[in-house]
Amino acid sequence: MKAVTYSTTGGSDVLTLGEREEPRPGPGEVRVRIHVSGVNPTDWKARKGGGPKELPRPQVPNQDGAGVVDEVGAGVTAFAPGDRVWVWDAAYQRPDGTAQELVVLPERQVVALPDDVTFDEGASFGIPALTAHRALTSYEHAPTELAPGSLDGRTVLVAGGAGAVGHAAIQLAVWAGATVIATVSSHDKAELARAAGAHHVVNYTEPDTAQAIGALAPRGVDIVVEVNVSANAELDVKVTGANATIASYADAPGADAVTIPVRPSMSKNLRWQFVLTYTVAPATKDAAVRAVSAAAADGALRVGAEHGLPITRFPLAETAAAHDAVENGAVGKVLIDVA
């Protein structure tokens with residue numbers, strides 16, 4: 001089978017396309033024939049590492065993907081060959097990501113994909129949607145698992161509403177009943193955030209961003225889904241209401257620390273939550289997977305330019321170019337056609 005691997009961390013030129021022996025599923029495992037592999041910033045960051053380093057065995061990149069069950073191991077009852085599925089965290093602490101034709105995963109990391117949900121959408125869930133779900137549910141008054149109506153009456157601010165996590169956060173929050181305000185840096189990105197379902201969009205490059213958000217949320221924002229907390233901490237404190245949560249899921253290049261306005265945070269009883277989807281508690285991850293699956297089945301997690309997340313596609317042989325596109329800030333979602 002065809003697979004992209006790297007044996008040394010470094011630039012995208014370490015990625016090579018070659019042939020590998022087909023893996024076989026063991027007890028409790030599922031083999032999936034990947035149709036579409038999703039690329040996230042975490043994929044190129046893991047590949048790049050902290051500098052050139054030899055790996056103990058070749059690594060297949062990419063955490064997310066969607067395809068069809070090809071074979072199941074002993075004891076697997078939830079899936080059968082031919083079932084459409086999406087997968088998550090395929091390459092986390094494992095050598096086998098989704099940039100290959102066949103991947104074997106524990107049954108828990110394989111999720112049914114409804115017939116009316118595309119492989120593009122399935123390959124876009126994983127890291128972005130599960131991260132967004134954790135950010136939204138870190139709010140003290142939110143349930144541990146989102147559902148329609150579970151955020152009724154709440155106001156969510158999504159920073160960077162045109163990004164993949166921001167897009168998923170908008171869609172999940174709207175599905176759960178929240179009023180959503182998104183911040184963006186351009187008119188084109190504003191249109192994407194609106195297409196995703198944001199009720200209000202604010203261009204943060206214009207003056208008086210805090211005033212504009214305050215006019216839309218007079219009692220303050222309840223949840224902030226934050227992509228650049230080191231730059232936006234002061235703004236976030238200004239626009240949040242009492243007992244709000246600011247959930248940060250990313251760090252800006254070169255910014256490895258954040259200054260938190262302590263007294264204003266204390267006066268509002270703010271919660272600062274940092275999010276890494278890989279290391280959340282298993283029950284929290286399972287709740288996120290269930291909620292994302294339910295939202296997808298309801299048609300709430302669509303992708304494509306008409307839904308606010310443009311798709312850029314590459315063939316498997318151009319996985320390096322796909323990684324470069326994400327590293328260079330491609331707007332929307334970068335996908336790799338594997339099958």
Practice item. For the pair Y278 and Y92, name the ring-plane relationship: parallel under 30°, tilted 30 to 60°, perpendicular over 60°. Key: parallel
**Study point:** Side-chain donor-acceptor contact under 3.5 Å, K333 with N40
**Key:** yes
Study note, to complete from the structure: The ring pair (Phe, Tyr, Trp, His ring centres under 6.0 Å) partners of Y139 (sequence neighbours excluded) come to H141
Check your understanding: If only atom types and distance count, is the side chain of K268 paired as donor or acceptor with the main-chain N or O of K238 below 3.5 Å?
Key -> yes
Check your understanding: Side chain of T98, backbone of D64: donor and acceptor closer than 3.5 Å?
Key -> yes
Exercise for review: Please lay out, stage by stage, how K48 and D43 fare under the test salt bridge (charged side-chain N to carboxylate O under 4.0 Å, His left out).
Suggested key: CA-CA 9 Å; K48 200 166 191 177; D43 298 316; over 6 Å; no
**Study point:** N228 versus S230, side-chain donor and acceptor atoms under 3.5 Å
**Key:** yes
Exercise for review: Determine which pairs satisfy ring-ring contact (aromatic ring centres under 6.0 Å, His included) with at least one residue from residues 171-206, sequence neighbours left out, and list them in order.
Suggested key: none
Review point. Got a donor-acceptor contact below 3.5 angstrom from the Q100 side chain to the R20 backbone?
Key: no
Review point. Can you name the closest pair of heavy atoms from A182 and I170 and give their distance?
Key: CB-CD1, 4.0 Å
Practice item. Taking atom CZ of R219 as the centre, report whether more than 12 heavy atoms of other residues, nucleotides or ligands fall under 6.0 Å from it. Key: yes
**Study point:** Rounded distance (nearest 0.5 Å) linking atom NE2 of H133 with atom CG of L146
**Key:** 3.5 Å
Check your understanding: Can you tell if the side chain of V104 reaches within under 4.5 Å of the side chain of R24, non-hydrogen atoms only?
Key -> no
Review point. If only atom types and distance count, is the side chain of R194 paired as donor or acceptor with the main-chain N or O of K189 below 3.5 Å?
Key: no
Practice item. For K285 and D89, run salt bridge (charged side-chain N to carboxylate O under 4.0 Å, His left out): C-alpha distance rounded to whole Å, both residues' side-chain angles, the deciding distance at 0.1 Å, then the answer. Key: CA-CA 11 Å; K285 192 63 161 275; D89 287 10; 2.7 Å; yes
Review point. Can you check whether W88 reaches V111 side chain to side chain, under 4.5 Å on heavy atoms?
Key: yes
Exercise for review: Using the salt bridge (charged side-chain N to carboxylate O under 4.0 Å, His left out) rule, collect all pairs that involve residues 98-119, keeping only residues at least two apart or in two chains.
Suggested key: R108-D286
Practice item. Verify the distance criterion only: is there a donor paired with an acceptor across the side chains of T8 and E54 at less than 3.5 Å? Key: yes
